[in-house]
Amino acid sequence: MFFKNDDDRFASGGREKKLKTIPLLPLRDVIMFPHMVQPLFVGREKSINALEEAMSKDKGILLVAQKSAKTNDPAADDIYRVGTIGAIIQLLRLPDGTVKVLVEGKKRGEIIRYLPRTDFFQVEVEEIEEDDDANVETEAFIRSIHATFETYVKLNKKIPPDMLVHVSSIEEPSRLADTIVAHLTHLKLEDKQEILEVRDPSKRLEKLYAMMQGEIEILQVEKKIRARVKKQMEKTQKEYYLNEQMRAIQKELGDKDDFRAEVQELEDKLREKDMPDEAREKVEREIKKFKMMSPMSAEATVVRNYIDWMLALPWNEVTDDKIDIGECEKILDEDHFGLAKVKDRIIEYLAVQKLVGKLKGPILCLVGPPGVGKTSLGKSIGRATGRKFVRISLGGVRDEAEIRGHRRTYIGALPGKIIQGMRRAESNNPVFLLDEIDKLSSDFRGDPSSALMEVLDPEQNYMFQDHYLDCDYDLSKVMFVCTANQLSSIPAPLQDRMEIIRIEGYTEVDKLQIAKGWLVPKLAEDHGLKEVEMAYTDEAILEVIRHYTRESGVRSLERELGSIYRKIARRVAKEGTELSINIDGGGVHEYLGVKKFELNECDNIDQVGIVNGLTWTGYGGEIQTIEVSIVPGKGKVNITGNLGDVLQESAQAALSYIRSRANDLELPEEFYQKFDIHIHLPEGAQPKEGPSAGISLATAIASAFTKTPVLCSVAMTGEITLRGRVLPIGGLKEKLLAAHRAGIRTVLIPKANEKDVPDVPEKITKDLEIIFVEHMDEVLKAALVNGEDILKTSPPPRSDGEGSEGIKGPERPSEPVPSQI
Ligand code: ADP
């Protein structure tokens, strides 16, 4: 191969090649096509040199793309082989040394070889002639391309619509493809280069067609996505716009003024309120915060609630204490029958308070069964001292926050029960009744009793901290009174701060008095029957007490009488107030229906293995029937009826005693190995605790083995030792009241409890035959039918030496144990 000059024609393979030697301008990121006019900014020195050479020779310049735009100093390999031979239309040197040049593409050109020049690329190029001979296939492609380009322009908004007119006027296939491809902005550089390299116009159109179809698909998907995004945008924008409008409307309607008035009102209230400085500063700070908030915001409501609480609490408001001891006595007597000891204690408490002028004594705690008037005594104290009265129930409170409140950071936080009570009291020195303090429980949420300790401690409670208020509140002027059913369930540290006043159950006579003097007049008033002439006979009320209630207090009595009153109210509402109603014993059944309880719950028959025990719980005394039956077996002991551990042990102790007295009771040898014993305590819904059923269990077992009936008119209570000694028990008064209620005639009680008998109302002790017992043998003698004859042999061992029992051995159990004293 050799070259004569620039214009040499060269023939090869039967085709003539038109060769040209021209400079080359490598292009970054752009492909030049024939018929295209393109401005270029040229900065690279080699490129500027090439342009200058082209300008000076005026033979055109080859514009070829670099394979990678990033290559700064490309070698021949970095440049595509096919480009476009262009003419320079205009050249402008810019002050920074670069050149702006406007070039027009003329023809395709393919590099044959690079010529050895170092200041710029000089290449030998073959000029490619286009063959625009149209055939049918090309014609079909031209039409399809026109239609596709139209679709493309519609989808791609970046192409000006007049391009469509311009393109549709092009008929030559070669030009058509080049013009269109120059406008396909999304096409990749390599794809464009590929089109440039196709020499056959018809093939070029085919390739372009396929590429355009692909592009159209992408554009369609893009369009869909755009539409979807636009829709979402519109929705959020709409909401924003509407919210803004709403705010503007609220503003127009004067919401702002309301808010300002509200703030003003709070500020006025604060100015008039008498409260400690610390609290005042807190409220001032909160009002300031409140002012800066949007009135509709959630935070504003929280702050507003807090301010309301602070302003509503009685900080320094007090009611005048008017402690006139005579007047107090009168009021307490007016409100309650009996309870002399309790009333005395309350009066003493008030007297000290009057003299000292402040409350620093222990807190009163009224302990007793339900319905004995603990709550209503609290109310009376309020009335007697002229203080406000509030009550909160602590039953089931297990979370410290219920006493002390939640911190304000919690949603829906509120102050605790104490502060809520104070708000209700509206004064800083009310009588504050903490009801059912024995029903407090504690779990992982904290121990409410520790919070209560702070409340009840006069040394601490002048600065009680509620979590919600978050500032000290003075409780030292409050007179706290607690109530409980059972002393043992009150946490010990709390008991320590209290003075316990026990209220025992009422006797039948007490109940009758209470019903006549207090309940009946109160019920008449409550039911609007004050005007109606009504008379009850004592029998009628006693009938209700005996056969419709079984309780230590008078709550059920009040309820049953209330139900009579409701029925009377119904008659009166129908027939008018002129009625005169007399209710006697028989009349009660008309109103209340069938008797709920029979007086004597034992069957009035002396039976084998059935004993009346006496038990005592927080709800008062009860008769507890104990049943024992024996069946042939292997000496197993079954104990049923919801028994606590202590009772199980009592049963075992009772059995051991019987075994030790087997000879005297004339029981066959090894009797306990040939029989199974079943001990049952019926009505077992509530667990039975306490050791005081010992002698009853032993009596029932002895009766069952000896087949001797137990006197049904006898009831008993007492703890038993293995040797049969009877130990003292608690709750004697309640137990005797229960025995009396149940129509028992004789009660067996431990000798050691003799000292408690004076506490029991005389009426009861007179009606009951009380036998004091020291040993189980005495019990059996008194309780079993023909008991005197059964234990004929040795006298009961009178011993305190329980410790020596183990040494004695079972064979000679009845031998008297020498006293150790
Ligand atoms: P507690 O708090 O001990 O369970 P309450 O104080 O609720 O009992 O008393 C129940 C009802 O019995 C109240 O209506 C109360 O007035 C009345 N009551 C109890 N004891 C007496 C009494 N000694 N004199 C007059 N009414 C009494």
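By convention here, the first residue in the shown sequence is residue 1. Counting starts at 1 for both ligands and their atoms, in listed order.
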Next on the checklist: side-chain contact (heavy atoms from CB on, under 4.5 Å), that's the test. Do N461 and V455 meet it? Break it down for me.
Outcome noted: CA-CA 5 Å; N461 70 4; V455 172; 5.5 Å; no

List ligand 1 atoms under 4.0 Å from [X], heavy atoms only on the residue side.
| X | value |
| --- | --- |
| D335 | 25 (C) |
| P370 | 4 (O) |
| Y506 | 20 (N), 21 (C), 22 (C), 23 (N) |
| V554 | 12 (O), 17 (C), 18 (N), 19 (C) |
| L339 | 23 (N) |
| E558 | 11 (C), 12 (O), 13 (C), 14 (O) |

Checking a contact table here: which protein heavy atom is nearest [atom], and how many Å away?
| atom | result |
| --- | --- |
| atom 16 (O) of ligand 1 | S376 OG, 3.5 Å |
| atom 4 (O) of ligand 1 | R555 NH2, 2.3 Å |
| atom 14 (O) of ligand 1 | K522 NZ, 2.7 Å |

Checklist entry - Can you find a side-chain donor-acceptor pair between Q465 and D472 that sits under 3.5 Å? => result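 Yes, D472 and Q465 have a side-chain donor paired with an acceptor closer than 3.5 Å.
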
Next on the checklist: Hydrogens and angles aside, do R559 and S556 bring a side-chain donor and acceptor to less than 3.5 Å of each other?
Outcome noted: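 There is such a pair between these side chains.
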
Checklist entry - Does ligand 1 have any atom sitting under 4.0 Å from a heavy atom of K379? => result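 So K379 does not count as touching ligand 1.
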
Checklist entry - Is G338 in contact with ligand 1, taking contact as a heavy-atom separation below 4.0 Å? => result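 Not so, G338 does not reach ligand 1.
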
Item to check | Donor-acceptor under 3.5 Å (K516 side chain, I541 main chain) | outcome: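 No, K516 side chain to I541 backbone: no donor-acceptor pair under 3.5 Å.
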
Item to check | N/O donor-acceptor pair under 3.5 Å between N753 side chain and I729 backbone | outcome: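 Side chain of N753 to backbone of I729: a pair is present.
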
Checklist entry - Who are the salt bridge (charged side-chain N to carboxylate O under 4.0 Å, His left out) partners of E627, not counting sequence neighbours? => result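 If we apply the salt bridge (charged side-chain N to carboxylate O under 4.0 Å, His left out) test to E627, skipping adjacent residues, there are no hits.
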
Item to check | I514 and ligand 1 - part of the residue with a heavy-atom distance under 4.0 Å | outcome: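 Within the 4.0 Å criterion, I514 contacts ligand 1 through side-chain atoms alone.
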
Checklist entry - Side chain, backbone, both or neither: which part of H336 comes within less than 4.0 Å of ligand 1 when only heavy atoms are counted? => result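 Near ligand 1, H336 shows its backbone as well as its side chain.
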
Next on the checklist: Regarding atom 5 (P) of ligand 1: of the candidates A515, G373, A484, which has the closest heavy atom?
Outcome noted: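 That would be G373.
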
Checklist entry - Tell me the ring pair (Phe, Tyr, Trp, His ring centres under 6.0 Å) pairs involving residues 488-524, sequence neighbours left out? => result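 Ring pair (Phe, Tyr, Trp, His ring centres under 6.0 Å) check on residues 488-524 returns F337-W518.
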
Checklist entry - Is the number of heavy atoms from other residues, nucleotides or ligands under 6.0 Å of K330 NZ greater than 12? => result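 Not buried by this count: 12 neighbours or fewer within 6.0 Å.
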
